Amino acid sequence: MGVPDYILRMRKHIGHDLLWLPSVSAVVRNDAGELLLGKRADDGRWSVVSGIVEPGEQPATAVAREVREETGLDVEPLRLTSVVSHPHTYPNGDRCEYLNLGFECRLLGGDARVNDDESEAVEWFAPDRLPELDAHARLVIARALDGAAQTFYLPVGAAWDDH
């Protein structure tokens, strides 16, 4: 799907200035226990499937939509595993601060494939053989795999740079 129209309209007014945006990330495992990752088209890095929550959309709906749009897979969100705010600067200079909700998701079906222009590749990786990932993707994966009953968040007063 790419960048939502409402964000493109805002960018016309604010240029590359900081936007505060809600986002979701999905940690999906197949029957072999491998993790689903996508290779981002904008920077060529591997990451968990993530995306922006659209106005009026519930986060669980957004995470299922993002996985379907980017990979062709159908998933069911099982539990919220992390809530963190983190900065991101895109190769074109656009700056965002994402309030990200990380979900552990159950694979329902489909064939993993590049399904839109946001990914260069989609692959399954063994948890002990993951490619290089940024700090946010590592945190989302770790919290989804730790089995904790509580949702992870940074402590009061902590900043992303402290993590």
Side-chain angles (χ1 to χ4, degrees), residues 1-28 34-75 77 80-105 110-125 127 129-144 151-154 158-163:
M1 178 182 205
V3 179
D5 289 340
Y6 79 97
I7 293 176
L8 293 174
R9 287 191 303 273
M10 284 192 290
R11 286 283 180 209
K12 287 182 182 178
H13 299 286
I14 67 165
H16 299 300
D17 285 349
L18 183 67
L19 279 178
W20 171 255
L21 296 169
S23 67
V24 290
S25 294
V27 176
V28 182
E34 297 167 315
L35 295 165
L36 177 69
L37 298 177
K39 189 172 187 182
R40 298 172 55 98
D42 60 358
D43 64 10
R45 295 182 58 114
W46 288 98
S47 190
V48 291
V49 176
S50 299
I52 297 168
V53 180
E54 301 279 348
E57 185 178 41
Q58 294 300 315
T61 302
V63 77
R65 174 185 53 77
E66 286 291 342
V67 173
R68 189 176 321 104
E69 284 178 359
E70 294 183 24
T71 71
L73 295 172
D74 291 315
V75 300
L80 181 64
T81 58
S82 60
V83 177
V84 294
S85 170
H86 70 96
H88 187 81
T89 300
Y90 288 90
N92 70 355
D94 286 354
R95 295 183 313 123
C96 297
E97 178 83 17
Y98 286 110
L99 175 59
N100 183 264
L101 307 175
F103 286 90
E104 177 185 12
C105 296
D111 295 315
R113 66 186 186 284
V114 173
N115 206 41
D116 67 10
D117 61 355
E118 293 182 52
S119 300
E120 293 178 0
V122 174
E123 292 183 28
W124 296 99
F125 291 89
R129 299 177 86 73
L130 297 177
E132 182 180 336
L133 299 169
D134 67 20
H136 178 258
R138 288 192 312 270
L139 179 140
V140 170
I141 290 169
R143 297 309 171 181
T151 302
F152 173 84
Y153 53 88
L154 292 175
W160 178 254
D161 294 340
D162 299 335
H163 179 71

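Just so you know, these numbers come straight off a predicted model, no measurement behind them.
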By side-chain contact (heavy atoms from CB on, under 4.5 Å), which residues pair with [X], not counting sequence neighbours?
{"X": "Pro59", "value": "Val24, Leu101, Phe103"}
{"X": "Ser25", "value": "Val48, Ser50, Asn100, His136, Val140"}
{"X": "Arg9", "value": "Asp5, Tyr6"}
{"X": "Ile7", "value": "Val3, Pro4, Met10, Arg11, Leu19, Leu21, Ile52"}

Next item on the list: Using the test ring pair (Phe, Tyr, Trp, His ring centres under 6.0 Å), find all partners of Phe125 that sit at least two apart in sequence or belong to another chain.
Entry: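 By the ring pair (Phe, Tyr, Trp, His ring centres under 6.0 Å) rule, Phe125 matches Trp46.
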
Ring pair (Phe, Tyr, Trp, His ring centres under 6.0 Å) involving Tyr153 - partner list, sequence neighbours excluded
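Not a single residue meets the ring pair (Phe, Tyr, Trp, His ring centres under 6.0 Å) criterion with Tyr153.
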
- prompt: What salt bridge (Lys or Arg N to Asp or Glu O under 4.0 Å) pairs are there with at least one residue in residues 81-91, not counting sequence neighbours?
  reply: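 Listed once each, the pairs would be none.
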
Going by the rule salt bridge (charged side-chain N to carboxylate O under 4.0 Å, His left out), which residues pair with [X] if we only count those two or more places apart in sequence or in a different chain?
{"X": "Glu34", "result": "none"}
{"X": "Asp134", "result": "none"}
{"X": "Asp17", "result": "none"}
{"X": "Arg40", "result": "Asp42, Asp43"}

Less than 3.5 Å apart, which donor and acceptor atoms pair up between the side chains of residues 80-89 and the rest of the protein, not counting sequence neighbours?
unit_1 : atom_1 : unit_2 : atom_2 : d
Thr81  : OG1    : Gly102 : O      : 3.1
Ser85  : OG     : Glu97  : OE2    : 2.4

Checklist entry - Can Arg95 and His16 be said to form a side-chain contact (heavy atoms from CB on, under 4.5 Å), step by step? => result CA-CA 6 Å; Arg95 295 183 313 123; His16 299 300; 5.6 Å; no

